[in-house]
Amino acid sequence: MKVKTILVSQPEPKVENSPYFELQQKHKIKIDFRPFIHVEGVNAKEIRLQKIDLNHYTAIILTSRNAVDHFFRVADEMRYKVPEGLKYFCQSEAVAFYLQKYVVYRKRKIYVGAKDFADLSPLIKKYKDEKFLLPASDQLNADAPITLNNLKVDWTQAVFYKTVMSDLSDLADVYYDVLAFFSPTGIKSLFKNFPDFKQNETRIAVFGSTTQKEALDYGLRIDILAPTPETPSMTMALEKYISEANKGK
């Protein structure tokens, strides 16, 4: 069956040269964007109930742009003046670059990992006497706690924001040829909003092994999977599938 419409369960890309827009133009298909999940901040009162006093920590571990935003939001709510000597350990270049939204880069002590959380290990080990705070979501990947525990450093995890399922009730009567998912929570959101969802001819695209597992657990048939050696991104996987499905259009 040919593909004419795709719903991507993420916000619309802000860049004009997004591969999604190229895909849309090349194959003359319609691609809509709608986040199935969104992030909500935890307020300062709730964070205090987690026994978190920001003055206690000498280093902050930041795993995402959300972590950056919500750390500084909470600092502001708590009227905590962020000291210049505070150390920042950023999981990737992208996170470190985003940090510049809040701090003057050259004046701060910023340490950057390559990509995965484990890549921060040598840097954290070098400063093992610091008191580390890990501001995170309520759905933190297991690799962070495992890595930090193995390093035997003084660290604390705090929930600064939560991943929440979005209200999708307005999509009840809308049909798409392909639904693209990027997290297990996105799959959960589909079934929370539409408990009676039947896949029928809808093609399901998933990114990542945890998303794949969640889809299978809900009894979905997976038609498009990324990343693979041949298709390392979702757009490449969609491109490959559409090229085959729409042959002889």
Side-chain angles (χ1 to χ4, degrees), residues 3 6-13 18-20 23 31-39 61-67 90-95 113-121 134-151 157 159 161-166 168 176-195 197-245:
V3 173
I6 298 174
L7 180 62
V8 176
S9 61
Q10 283 189 331
E12 185 168 338
S18 165
Y20 284 108
L23 194 66
I31 301 180
D32 288 339
F33 298 88
R34 178 68 179 273
F36 276 38
I37 56 176
H38 62 277
V39 165
I61 302 171
L62 299 165
T63 56
S64 68
R65 290 188 296 186
N66 277 326
C90 301
Q91 184 168 325
S92 66
E93 287 281 358
V95 176
K115 183 188 163 198
D116 297 323
F117 192 87
D119 298 333
L120 279 173
S121 292
L134 177 64
S137 84
D138 56 335
Q139 296 184 19
L140 180 68
N141 288 338
D143 54 346
I146 290 167
T147 301
L148 292 167
N149 287 336
N150 287 342
L151 289 169
Q157 178 183 335
V159 176
Y161 54 99
K162 293 179 178 177
T163 305
V164 180
M165 297 177 206
S166 303
L168 308 171
Y176 288 93
D177 296 322
V178 177
L179 300 178
F181 294 94
F182 299 82
S183 73
T185 320
I187 302 282
K188 287 190 178 103
S189 179
L190 171 70
F191 283 94
K192 185 189 178 206
N193 280 279
F194 310 110
F197 175 78
K198 299 281 188 292
Q199 183 172 359
N200 299 325
E201 300 301 328
T202 304
R203 269 60 57 86
I204 298 291
V206 299
F207 189 91
S209 56
T210 55
T211 313
Q212 178 187 13
K213 182 182 182 303
E214 195 71 28
L216 293 172
D217 286 350
Y218 272 97
L220 294 175
R221 179 190 72 250
I222 295 169
D223 303 283
I224 303 159
L225 176 65
T228 67
E230 191 185 351
T231 57
S233 70
M234 175 62 85
T235 47
M236 290 172 81
L238 289 168
E239 162 76 45
K240 182 173 182 284
Y241 183 87
I242 294 164
S243 296
E244 285 295 316

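Index from 1, following the sequence.
- Side chain of D177 to main chain of I6: no donor-acceptor pair is present (N/O by atom type, distance under 3.5 Å, no hydrogens or angles).
- Centroid-to-centroid, the aromatic rings of F182 and F36 stay 6.0 Å apart or farther.
- Looking at V164 and I37, their side chains never come closer than 4.5 Å, going by heavy atoms from C-beta outward.
- Here the shortest heavy-atom pairing between Q157 and P145 reads OE1-CG, 4.1 Å.
- When atom types are taken as modelled, the side chain of Q91 and the backbone of L62 share no donor-acceptor pair closer than 3.5 angstrom.
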(request) Check the pair F33, Y20 against ring pair (Phe, Tyr, Trp, His ring centres under 6.0 Å), reporting the backbone distance first and the verdict last. (result) CA-CA 10 Å; F33 298 88; Y20 284 108; 5.4 Å; yes
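- Put simply, the side chain of N66 never gets that close to the backbone of Y161: no donor and acceptor are under 3.5 Å apart.
- Within the 4.5 Å cutoff, no side-chain heavy atoms of V39 are placed close to those of K162.
- Residue R34 qualifies as enclosed at atom CZ: its count of foreign heavy atoms under 6.0 Å is above 12.
- Exactly one of D143, N141, I146 qualifies for a side-chain contact (heavy atoms from CB on, under 4.5 Å) with F117. That residue is D143.
- Considering only heavy atoms from C-beta on, Y241 stays 4.5 Å or farther from L225 through its side chain.
- Contact detail for L120 and G113: the closest heavy-atom pair is CD2-N, 3.6 Å.
- The distance from atom CG of D223 to atom CG of L238, rounded to the nearest 0.5 Å, is 11.0 Å.
- Checking T185 against Q139 by side-chain atom types alone, a donor-acceptor pair falls below 3.5 Å.
- With a 4.5 Å cut-off on side-chain heavy atoms, I187 and T211 count as touching.
- Residues L168 and S189 form a side-chain contact, since some pair of their non-hydrogen atoms from C-beta on lies under 4.5 Å apart.
- At a threshold of 4.5 Å between non-hydrogen side-chain atoms, the residues I31 and V8 count as touching.
- Side-chain atoms of D119 come within 3.5 Å of backbone atoms of D116 as a donor-acceptor pair (strictly under, hydrogens ignored).
- Residue A237 comes nearest to I224 through the heavy atom pair CB-CG2, 3.7 Å, listed as atom of the first residue, atom of the second, then distance.
- Within the model, atoms CG of L216 and CD1 of I222 stand 4.0 Å from one another, a figure rounded to the nearest 0.5 Å.
- For the residue pair P229 and P232, the shortest heavy atom distance occurs at O-CD, 4.1 Å.
- One distance of note links NZ of K240 with OG1 of T228; it measures 7.5 Å at 0.5 Å rounding.
- A distance of 9.0 Å separates CG of L23 from OG of S18, quoted to the nearest 0.5 Å.
- Going from atom CD of Q212 over to atom CZ of F181 covers 14.0 Å, rounded to the nearest 0.5 Å.
- When atom types are taken as modelled, the side chain of S9 and the backbone of G186 share no donor-acceptor pair closer than 3.5 angstrom.
- Counting only heavy atoms from C-beta outward, the side chains of L148 and L134 approach each other to under 4.5 Å.
- T235 and E239 share no side-chain donor-acceptor pair at under 3.5 Å.
- How far CZ of R65 is from SG of C90: 13.0 Å, rounded to the nearest 0.5 Å.
- Considering only heavy atoms from C-beta on, K115 stays 4.5 Å or farther from S92 through its side chain.
- Proximity of a side-chain donor or acceptor of R221 to a complementary backbone N or O of T202 within less than 3.5 Å is detected.
- Using cut-offs of 30° and 60° for the angle between ring planes, the F191 and Y218 rings count as parallel.
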